[in-house]
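Here's the structure, in structure tokens; my notes come after.
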Amino acid sequence: RVVPRSGWKAVDPLVRTEMKGPAQTAIVHHTALWSCVQPRDSLSQLAHIQNMHMHERGFDDIGYNFLISGDGTVYEGRGWGVVGAHAKEHNFDSVGIAFMGNFNDEMPTCASLTALHRLLHVGQLYGHFRHDFVLVGHRDVAKTECPGEHLYSALPKLKDQLKTPD
């Protein structure tokens with residue numbers, strides 16, 4: 001289940017740029033903010049991030065395509081097929097997915113990791129990713145600690161789960 005933008009009362013984007021084709025990369029981030037397990041915490045954080053991205057950083061919208069809370073709820077950021085603002089030189093061929101919390105300090109929940117797996121599967125199923133897409137942490141494409149040590153260390157197992165025989 002993906003909560004649409006209207007479900008968290010997102011502000012309309014200033015500009016919406018469509019991707020030219022399926023994404024080559026899924027880039028995992030963390031918000032490095034408070035942990036969100038209750039929907040009210042998630043809604044508050046979503047509004048905070050969108051406001052910060054649009055008014056402090058000058059983005060056209062919230063930077064991420066999707067955000068995942070600790071209870072496994074997926075929230076639509078920019079959504080599928082829309083260029084994000086999450087990994088500078090990689091935005092035009094990637095989907096940015098942020099886990100809500102600081103994963104230098106905490107472990108990702110099983111529910112949030114399962115939600116990521118399902119989201120990636122749906123993305124593959126509906127052609128939002130190239131068949132040979134790669135899953136990376138933000139630190140793999142930029143000089144940053146993002147997505148936090150604990151979340152980053154969970155990515156190899158998730159990559160193995162996504163592999164399918166040719």
Side-chain angles (χ1 to χ4, degrees), residues 1-19 23 25-88 90-91 94-123 126 128 135-155 158:
R1 174 177 172 257
V2 176
V3 176
R5 293 172 60 88
S6 61
W8 61 271
K9 297 179 176 47
V11 174
D12 288 338
L14 301 175
V15 176
R16 182 179 156 96
T17 305
E18 300 290 325
M19 294 178 73
T25 310
I27 301 176
V28 175
H29 302 263
H30 70 161
T31 61
L33 297 171
W34 61 90
S35 179
C36 294
V37 178
Q38 300 298 324
R40 69 179 174 272
D41 296 329
S42 298
L43 298 178
S44 174
Q45 189 170 134
L46 288 160
H48 172 77
I49 293 169
Q50 187 179 39
N51 183 60
M52 177 182 58
H53 283 183
M54 292 178 79
H55 298 290
E56 293 175 25
R57 295 188 182 169
F59 296 172
D60 296 326
D61 194 0
I62 193 167
Y64 310 111
N65 298 88
F66 297 95
L67 297 97
I68 300 174
S69 67
D71 67 358
T73 302
V74 177
Y75 295 91
E76 179 185 29
R78 292 188 182 210
W80 294 118
V82 180
V83 175
H86 57 90
K88 287 190 181 179
H90 303 275
N91 291 324
S94 68
V95 172
I97 304 165
F99 279 60
M100 300 169 79
N102 186 329
F103 297 95
N104 281 321
D105 303 333
E106 60 192 91
M107 301 293 290
T109 64
C110 289
S112 62
L113 291 170
T114 298
L116 174 60
H117 186 266
R118 288 180 180 153
L119 182 66
L120 296 172
H121 180 71
V122 166
Y126 288 96
H128 299 296
L135 174 67
V136 300
H138 187 197
R139 68 174 62 177
D140 293 321
V141 298
K143 189 173 181 168
T144 179
E145 290 184 12
C146 182
E149 196 57 43
H150 297 299
L151 180 52
Y152 188 75
S153 67
L155 295 181
L158 192 58

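Because the structure is predicted, anything quoted here is derived from the model rather than measured.
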So, using side chain to side chain contact (heavy atoms under 4.5 Å, CB included) as the criterion, who are the partners of [X] when residues are at least two apart?
X: Thr109; value: Ala111, Ser112
X: Ser35; value: Val37, Glu106
X: His150; value: Met107, Pro108

Counting C-beta onward and ignoring hydrogens, is there a side-chain heavy-atom pair between Pro147 and Phe99 closer than 4.5 Å?
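Not touching, per the 4.5 Å side-chain cut-off.
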All side-chain hydrogen bond (donor to acceptor under 3.5 Å, both in side chains) counterparts of [X], not counting sequence neighbours:
X: Arg16; answer: Glu18
X: Thr73; answer: Asp71
X: Glu149; answer: Arg139
X: Asn91; answer: none

Under the rule for ring-ring contact (aromatic ring centres under 6.0 Å, His included), what residues qualify as partners of [X], not counting sequence neighbours?
X: Trp80; value: Phe66, His128, Phe129
X: His86; value: His29
X: His48; value: Trp34
X: Phe59; value: His53

Spatial distance of atom CD1 (Ile97) from atom CG (Leu119) [nearest 0.5 Å]:
4.5 Å
Pairs where residues 48-66 contributes a residue and the test salt bridge (Lys or Arg N to Asp or Glu O under 4.0 Å) is met, not counting sequence neighbours:
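Residue pairs with at least one partner in residues 48-66: Arg5-Asp61.
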